[in-house]
Amino acid sequence: MIAEDEWLVVIDRQRVFAESEWSTWACPDGSYHNTDEAFARLAAAFGDRVVYTRYIAPQPPHNAWIDYFKGWPQFLVAPDDPMYDLTDDTAALAKGHAVVSCDTFGKWGDALSEAISGAKKITVCGVATDCCVLTTVLAAADSGVAVRVAADACAGSSPENYRMALDTMALFTPLVTVADTDSIVGDSTVE
């Protein structure tokens, strides 16, 4: 069930991670879109307490990011490039909600904490489970926030990496728990 003061944090549901015909960063085999229904149910159940994040490339890259983007120069574009847009279904649900853009994998920090009004309990979903979700979840938990990961509303860079990331996050119980959307929303979506 969803606590009255709990927020949903939706990580990086962006075109660059969904559209595999042009993006080598996209979740494989349409697995991004396998999360659409669970994500939409969560967003509806949390109502006004939802915040979205976007990954954007650092402008300009610095330190280790310089070498990183030597392997991915096609993604070193301005933050307003359409590749970094939320997917259409996500953008429709994000209207009226805060969107936090970060040039780091992990999204946890002052901007996200402020966007969720300093909440100490969050549910997280999005992509990629083995990168941006994992780094956000562990940083939030390390700062004292109770985190629940909606496994069926997350997708990874591969099925194996997805599973390993969920297993890694589960090691941090009770600060981090892994659940499915049905157990999170409970009766809140029953008509």
Side-chain angles (χ1 to χ4, degrees), residues 2-23 25-27 30-59 75 77-137 139-140 145 147-157 162 179-182 184-185 188-189:
I2 300 169
E4 286 182 23
D5 58 348
E6 184 177 358
W7 280 70
L8 177 65
V9 177
V10 180
I11 305 291
D12 302 354
R13 285 186 52 92
Q14 297 168 259
R15 293 184 59 220
V16 69
F17 304 119
E19 298 181 14
S20 59
E21 59 278 353
W22 60 265
S23 176
W25 278 359
C27 298
S31 59
Y32 174 99
H33 293 292
N34 294 341
T35 69
D36 291 349
E37 182 181 339
F39 153 67
R41 286 182 62 211
L42 287 166
F46 277 86
D48 292 337
R49 296 184 324 275
V50 183
V51 66
Y52 295 80
T53 72
R54 286 185 334 129
Y55 173 80
I56 54 173
Q59 299 291 320
F75 300 111
V77 298
D80 61 351
D81 189 283
M83 79 168 55
Y84 288 135
D85 288 349
L86 297 174
T87 55
D88 290 343
D89 63 321
T90 304
L93 291 171
K95 286 183 179 163
H97 295 274
V99 178
V100 176
S101 298
C102 295
D103 61 1
T104 55
F105 293 145
K107 304 307 182 287
W108 187 254
D110 291 341
L112 182 52
S113 180
E114 184 177 313
I116 62 170
S117 302
K120 297 300 177 195
K121 183 168 188 169
I122 60 175
T123 292
V124 175
C125 69
V127 297
T129 314
D130 46 305
C131 185
C132 298
V133 171
L134 175 72
T135 55
T136 301
V137 164
V145 174
V147 182
R148 182 165 45 177
V149 179
D152 57 339
C154 292
S157 64
Y162 163 83
D180 62 21
T181 298
D182 285 340
I184 294 168
V185 301
S188 63
T189 58

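Because the structure is a prediction, the values reported are computed rather than measured.
With hydrogens and angles disregarded, a donor-acceptor distance shorter than 3.5 Å links the side chain of Thr135 to the backbone of Gly106. Judged purely by atom type and a 3.5 angstrom limit, Thr53 uses its side chain to pair as donor or acceptor with the backbone of Asp12. Checking side-chain atoms of Glu19 against main-chain N and O of Gln14 turns up no donor-acceptor pair under 3.5 Å.
Comment: Arg41 engages Asp182 in a salt bridge, judged by a side-chain N to carboxylate O separation of less than 4.0 angstrom.
Using a 4.5 Å cut-off on side-chain heavy atoms (C-beta onward), Tyr52 and Leu93 make contact. The shortest side-chain heavy-atom distance between Pro79 and Gln59 falls under the 4.5 Å cut-off. Contact check for Met83 versus Trp22: side-chain heavy atoms found under the 4.5 Å cut-off. Counting heavy atoms from C-beta outward, Val51 and Val10 have side chains that stay 4.5 Å or more apart. The closest side-chain heavy-atom distance from Asp152 to Thr35 is not below 4.5 Å. At a threshold of 4.5 Å between non-hydrogen side-chain atoms, the residues Phe46 and Ile2 count as touching.
With hydrogens and angles left out, the side-chain atoms of Thr87 and Tyr32 include a donor and acceptor closer than 3.5 Å.
Atom SG in Cys131 sits 4.0 Å away from atom CZ in Phe105 (nearest 0.5 Å).
Nearest heavy atom pair, residue Asp130 against residue Gly156, reads OD1-CA, 3.2 Å. The heavy-atom pair separating Ala155 from Cys27 by the smallest distance is CB-SG, 3.8 Å. Between Ser23 and Val16, the shortest heavy-atom contact is OG-O, 2.5 Å. Contact detail for Ala91 and Leu86: the closest heavy-atom pair is N-CB, 4.0 Å. The shortest non-hydrogen separation linking Lys107 to Cys132 is NZ-SG, 3.5 Å. Annotation for Ala153 and Ala38: closest pair CB-CB, 3.9 Å, computed over non-hydrogen atoms.
Around CD of Glu4, the count of heavy atoms belonging to other residues, nucleotides or ligands within 6.0 Å does not exceed 12.
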*asked:* Test side chain to side chain contact (heavy atoms under 4.5 Å, CB included) on Tyr162 and Cys154; report intermediate values, then the result.
replied: CA-CA 8 Å; Tyr162 163 83; Cys154 292; 4.1 Å; yes

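For the pair Arg13 and Phe39, the cation-pi test (distance below 6.0 Å, angle within 45°) is passed.
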Quick one: side chains of residues 110-125, donor-acceptor pairs under 3.5 Å with protein atoms, not counting sequence neighbours, listed by atom name and distance.
{"unit_1": "Thr123", "atom_1": "OG1", "unit_2": "Glu6", "atom_2": "OE2", "d": "2.5"}
{"unit_1": "Thr123", "atom_1": "OG1", "unit_2": "Arg148", "atom_2": "NE", "d": "3.2"}

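When the salt bridge (Lys or Arg N to Asp or Glu O under 4.0 Å) test is applied to Arg54, no partner is found at least two apart in sequence or on another chain. Take Asp103 and apply the side-chain hydrogen bond (donor to acceptor under 3.5 Å, both in side chains) test, not counting sequence neighbours, and it matches no residue.
Ring centers of Trp25 and Phe75: under 6.0 Å apart, within the cut-off.
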